[in-house]
Amino acid sequence: MTGAETLGAGVHETPLRDRHEALGAKLIEFGGWRMPLQYRGILDEHRAVRERAGLFDLSHMGELFVEGSDAGRALAHALVTNPPALKLGRAQYSMLCAEDGGILDDLIVYRLAEERFLVVANAANANVVSDALVERLSGFKAVLDDRSLAMALCAVQGPRSVEIVGRLTDVDLSSLRYYAIAEGTVAGIRALVARTGYTGEDGFEIFVDNGRAGDLWETLLRVGEDAGIAPIGLGARDTLRLEAGMPLYGNELDRSTNPYEAGQGRIVKLDKPDDFVGRTALEQVERDGPKRRLVGLVMQGRGIARHGYPIHAGGQPIGTVTSGTHSPTLGEAIAMGYVAPAHAEPGTILDVEIREQRVPAEVVPLPFYRRPG
Amino acid sequence: MVPTELRYTKDHEWVRVEGDEATVGITEYAAGQLGDIVFVELPEAGRKLDQFATFGVVESVKAVSDLFAPVSGEVVAGNEALAGSPELVNSDPYGDGWMIRIKVADATELDGLLDAGAYDQLTAEG
């Protein structure tokens with residue numbers, strides 16, 4: 001079936017809603033879905049992922065399959081990356097941009113077969129991406145099969161992920177590289193197993209049909225128990241990705257931001273042969289250089305920088321914070337924000353306005369955290 | 001049931017009166033709503049507060065919340081332990097997680113605050 005089912009006025013539930021409640025989760029609405037914010041607490045959950053393993057319900061994400069003899073070329077036209085260059089079973093981080101180069105969503109594209117790709121979109125943008133792909137695929141021998149509402153996604157992330165998932169899958173994890181995907185079974189359930197994630201740790205994103213999500217979730221929790229697996233909510237998902245220097249659509253990325261500003265210019269493949277949506281505008285940015293740049297900040301005084309707080313240099317406002325939190329791993333307050341390029345050098349000391357006080361912050365290269373080994 | 005010897009504000013602060021001084025903190029309910037607390041900003045000793053004025057800020061991983069003085073008075077001390085261990089507010093909100101001690105300016109202001117029963121009702125409805 002092509003095209004997306006229209007999301008209704010109500011909030012979507014994932015197939016794991018009852019299990020989250022049974023585990024004592026605090027539920028919130030996110031991107032049109034009811035999702036767990038936390039179970040035991042954000043700091044606990046954050047540490048569980050860094051030290052052992054965490055289990056995430058990511059069923060709110062969009063799963064869009066693109067198939068046909070032109071599937072690769074069609075996606076090369078629709079996105080800034082060059083999916084036809086992907087080998088079978090490999091994946092890439094990508095973006096869907098508008099004609100003016102503004103980002104509509106950031107995505108992962110997986111090549112499942114010569115003529116079959118999986119595009120995973122953010123929950124809040126799944127409809128926008130689906131509509132854009134339908135439009136951009138026209139004229140190509142390629143069709144879109146939006147299975148977002150039929151598929152569930154569970155992620156296992158952390159140093160003990162390989163051990164836990166390895167007990168349950170026929171996929172050879174030792175030959176599944178980072179940013180690769182394989183079809184197989186997990187806990188006896190047909191699944192796509194991807195070695196991708198949003199935490200900065202090793203781990204897997206496991207795609208199954210909705211109806212099997214409950215079995216998958218319960219089995220992973222049970223089998224992973226002695227390895228210390230814990231359920232993880234969106235709160236810790238955010239602190240983990242921020243430490244890993246990964247952008248969040250809605251904070252670092254939005255309709256008025258282009259990939260170069262966000263430090264993602266390398267994914268814009270200007271040398272791919274054909275035209276793509278946004279090419280002219282993005283070529284211009286590449287020539288002129290971006291007007292602002294995303295930087296990492298470590299607070300040097302007491303205070304947590306948060307989304308929207310102004311950034312100053314020499315008494316003048318020169319940027320804005322896009323995300324910030326207390327970093328559980330580093331034990332200090334970290335943030336990301338956009339600043340004028342002149343102030344983007346690591347080592348630069350800037351001031352963040354926190355409730356009418358100016359608190360110094362040092363520009364640092366991203367990521368803040370890299371997993372050991 | 002929250003501690004019966006304390007008084008409460010609608011914004012989830014508690015106050016414990018000891019002679020002409022009072023100790024102030026936030027309730028277990030408030031700490032639970034905020035989640036893991038990572039930063040508490042408190043006033044200096046000597047600062048004068050009006051009843052229900054903001055005296056500081058409590059931050060969790062996800063949110064920032066103002067702190068409101070339950071009674072008027074002069075700040076005697078802030079809990080310095082919270083600088084290094086803000087999680088005390090979560091683990092012991094009525095004890096080691098206390099926030100400020102103030103010299104009470106007008107004890108009659110306490111009459112306008114909620115007692116334990118009224119506060120429990122507030123949070124049951126909330």
Side-chain angles (χ1 to χ4, degrees), chain A residues 24-30 35-50 230 232-243 248 251 299-309 321 323-335 352-357 359, chain B residues 11-13 26-47 49 52-69 75 77-93 96-97 99-100 123-126:
Chain A
K26 202 173 285 190
L27 297 172
I28 55 152
E29 203 216 296
F30 185 81
M35 301 297 292
L37 173 69
Q38 62 176 59
Y39 304 79
R40 288 240 294 267
I42 295 175
L43 296 181
D44 238 10
E45 291 165 34
H46 185 109
R47 288 189 194 109
V49 174
R50 290 272 179 256
I232 314 295
L234 294 182
R237 181 163 158 84
D238 190 41
T239 51
L240 288 160
R241 68 94 193 167
L242 185 43
E243 283 186 348
L248 171 66
N251 283 16
M299 301 308 297
Q300 300 298 304
R302 293 201 72 211
I304 297 172
R306 302 220 181 233
H307 178 77
Y309 288 12
V321 176
S323 296
T325 191
H326 167 82
S327 160
T329 307
L330 276 60
E332 37 192 4
I334 59 173
V352 179
E353 196 181 304
I354 301 178
R355 294 182 294 278
E356 287 148 32
Q357 282 200 292
V359 182
Chain B
D11 294 301
H12 311 287
E13 287 86 16
I26 64 170
T27 64
E28 184 176 5
Y29 176 85
Q33 288 290 300
L34 284 164
D36 294 321
I37 286 161
V38 293
F39 181 69
V40 186
E41 193 181 288
L42 297 174
E44 301 265 292
R47 169 105 164 267
L49 303 171
F52 305 134
T54 322
F55 71 83
V57 167
V58 58
E59 290 205 65
S60 68
V61 182
K62 294 241 40 101
V64 187
S65 205
D66 283 328
L67 297 163
F68 301 98
V75 179
N79 185 353
E80 286 168 15
L82 296 185
S85 302
E87 66 277 7
L88 287 170
V89 179
N90 295 109
S91 61
D92 193 9
D96 290 339
M99 292 188 174
I100 57 171
T123 54
E125 288 156 13

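The sequence lines fix the lettering, A, B, ..., with proteins before strands; numbering per chain opens at 1.
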Only counting residues at least two apart or in another chain, list the ones meeting side-chain contact (heavy atoms from CB on, under 4.5 Å) with A/Ala305. A/Met299, A/Val321, A/Ala335, A/Val352
Contacts of B/Ala81 meeting side-chain contact (heavy atoms from CB on, under 4.5 Å) (sequence neighbours excluded), chain-then-number -> B/Asn79, B/Leu88
Pairs of donor and acceptor atoms under 3.5 Å between chain B and chain A, please, with atom names and distances.
residue: B/Gly32; atom: O; partner: A/Lys26; partner atom: NZ; Å: 2.5
residue: B/Asp36; atom: OD2; partner: A/Ile42; partner atom: N; Å: 2.8
residue: B/Asp36; atom: OD2; partner: A/Leu43; partner atom: N; Å: 2.6
residue: B/Glu41; atom: OE1; partner: A/Arg355; partner atom: NH2; Å: 3.0
residue: B/Glu59; atom: OE1; partner: A/Arg306; partner atom: NE; Å: 2.7
residue: B/Glu59; atom: OE1; partner: A/Arg306; partner atom: NH2; Å: 2.6
residue: B/Ser60; atom: O; partner: A/Arg306; partner atom: NH2; Å: 2.7
residue: B/Val61; atom: O; partner: A/Arg306; partner atom: NH1; Å: 2.9

